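Below you'll find the structure, written out as structure tokens, and then a few comments.
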Number of protein chains: 2
Amino acid sequence: MARTEGQNEQIREVRKEKIRLEALRQFSMKGLCATRIQDIAAGVGMSQGLLYHYYSSKEAIYIDMIDDALEKTNQAVIAIRDMNASANEKILFSLQKLFQTIEQNDRFRQTCRLIAQATNSAELPEDVQDSILQKRKIPYRIMAEIFLQGQKEGSVVSGDADELATLYWTSINGLSIYYATLKEIDSIPDYKLLAAMFLKDIHFKRDSL
Amino acid sequence: MARTEGQNEQIREVRKEKIRLEALRQFSMKGLCATRIQDIAAGVGMSQGLLYHYYSSKEAIYIDMIDDALEKTNQAVIAIRDMNASANEKILFSLQKLFQTIEQNDRFRQTCRLIAQATNSAELPEDVQDSILQKRKIPYRIMAEIFLQGQKEGSVVSGDADELATLYWTSINGLSIYYATLKEIDSIPDYKLLAAMFLKDIHFKRDSL
DNA sequence: GTCTATATCCAGATAGAC
DNA sequence: GTCTATCTGGATATAGAC
């Protein structure tokens, strides 16, 4: 009995999701160049030729992963900004969430690692690289807005808001890359330590808790 | 007139240093796999074949760069630890130096980027990767010692010293990677902001300056 | 020490049968 | 949709002449 159109569609979707999962895993570890299309196929459990029925090239898979990762990051940070809360709360909440996700979510760590690699490695065509860099700027810009809000409210330390945002994201980045390389995560620092870079009275609060 | 042995030796040394410089530049941008031996040769201004009279393989160049980078990092942090000073001073001094070097020294940024890539990308044979990870642990261990000293002296916040060291290096790492990817560096945050994660009264000091 | 030419290998991508 | 077999290009590494 022949398969219906709908069943084929379903097979495609399931397969494609498996490819994405495996591609993220491997790309995040080895980067674009050192990851072989054959390894991804083997990881998924399909032949190497079949992969080309889902993606037109290795690069296409990679770009798909990157776009997805950046898009999700941007959505998340926009949601934080639009919270009805003080900057102080937004900063603490975002850091708490980020630390928690770094600690618990393997896929999130892989995503961070992938973004870091894509941003810091120039193995893509220039136009693609540029487009990545543009999207990458959004979280920095939005965090700067939040820090500005905090400075007006008096909770955030003085200084250039863009620089504070840089410090925020580069620290998160360094941390998530670090934990992405560990086999097992035993402990992760207190997110309030990072908050101490930005919030005036955080150490006071820490000690009084 | 034939060249003497000494002159040949000298040519070799000059050439080798040029190769190292160019290899660091390119590896730090594109990683091991995406960097072609031919590009390095072209960057140095020599034929591709000649490179093999200086190094036995592409990987050999890479490993040489990594070892050198890790060695220098370890020496630097050991020198900080052995300073005759309070932990408070050691932490502030090291951060000040690091920020200054990130801002001013192109080669240093490349080195950081290379270490980050080598640590976070699994494109090397496992035994080499392991040896890198071992050497990489030393700065973390030593910073933890300094934080312990600081906790005894009362200047450093409470908490697991290993976690503080992790936060210290991952933040530095994230920052240097970020600046390594920029064409031009206009401004870099105040190093005292980072110090606020570790030192109890840093915000007080900042405001009073 | 330096170059050009070449051997060798391997991975990305395609073709065609089932 | 899936597989095996194959084409093709490109990069590492070597050989041999100057």
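Quick caveat: nothing in here was measured; it's all calculated off a predicted structure. In what follows, chains carry the letters A, B, and so on, assigned in the order in which the sequence lines appear, proteins first and then strands, with residues in each chain numbered from 1.
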For [X] and [N], give me the distance from atom [atom1] to atom [atom2], rounded to whole Å.
X	N	atom1	atom2	result
A/Tyr55	D/dT2	OH	P	15 Å
B/Ile37	D/dT14	CD1	P	11 Å
A/Leu51	C/dA11	CG	P	15 Å
A/Gln7	D/dT2	CD	C1'	16 Å
A/His53	C/dA17	NE2	P	14 Å
A/Gln48	D/dC7	CD	C1'	12 Å
B/Gln38	D/dG10	CD	C1'	9 Å
B/Lys18	C/dG1	NZ	P	15 Å

(request) List the steps and the verdict of side-chain contact (heavy atoms from CB on, under 4.5 Å) for A/Ile91 and A/Val156. (result) CA-CA 10 Å; A/Ile91 292 163; A/Val156 167; 3.7 Å; yes
(message) Looking at A/Gln10, I want to see if its CD is surrounded by more than 12 non-hydrogen atoms of other residues, nucleotides or ligands under 6.0 Å.
(response)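 Not buried by this count: 12 neighbours or fewer within 6.0 Å.
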(request) Would you check, one step at a time, whether the test side-chain contact (heavy atoms from CB on, under 4.5 Å) holds for A/Lys72 with A/Thr111? (result) CA-CA 10 Å; A/Lys72 280 178 184 157; A/Thr111 304; over 6 Å; no
(request) For A/Tyr54, answer base if it contacts any base atom (sugar-phosphate contacts may also be present), sugar-phosphate if it contacts only those atoms, and nothing otherwise; contact means non-hydrogen atoms under 4.0 Å. (result) sugar-phosphate
(message) Using a 4.0 Å heavy-atom cut-off, does B/Leu50 contact any base of the nucleic acid, only the sugar-phosphate backbone, or nothing at all?
(response) base
(request) When you get a sec, tell me which of D/dT2, D/dG1, C/dT4 is the closest nucleotide to the side chain of B/Ser47? (result) C/dT4
(message) Can you tell me which nucleotide in D/dG1, C/dG1, D/dA11 comes closest to the side chain of A/Ile11?
(response)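 Nearest to the side-chain atoms of A/Ile11, counting from C-beta on, is D/dG1.
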(message) A/Leu21 and side chain to side chain contact (heavy atoms under 4.5 Å, CB included): which single residue from A/Arg107, A/Lys16, A/Gln110 fits?
(response) A/Arg107
(request) Nearest 0.5 Å please: distance from the CD1 atom of A/Ile138 over to the NZ atom of A/Lys135. (result) 8.5 Å
(request) Answer yes or no: does a side-chain N or O of A/Arg12 lie under 4.0 Å from OP1 or OP2 of D/dG1? (result) yes
(message) Between B/Tyr52 and D/dA11, is there a contact of a side-chain N or O with OP1 or OP2 at under 4.0 Å?
(response)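 Indeed not, no polar side-chain atom of B/Tyr52 lies that close.
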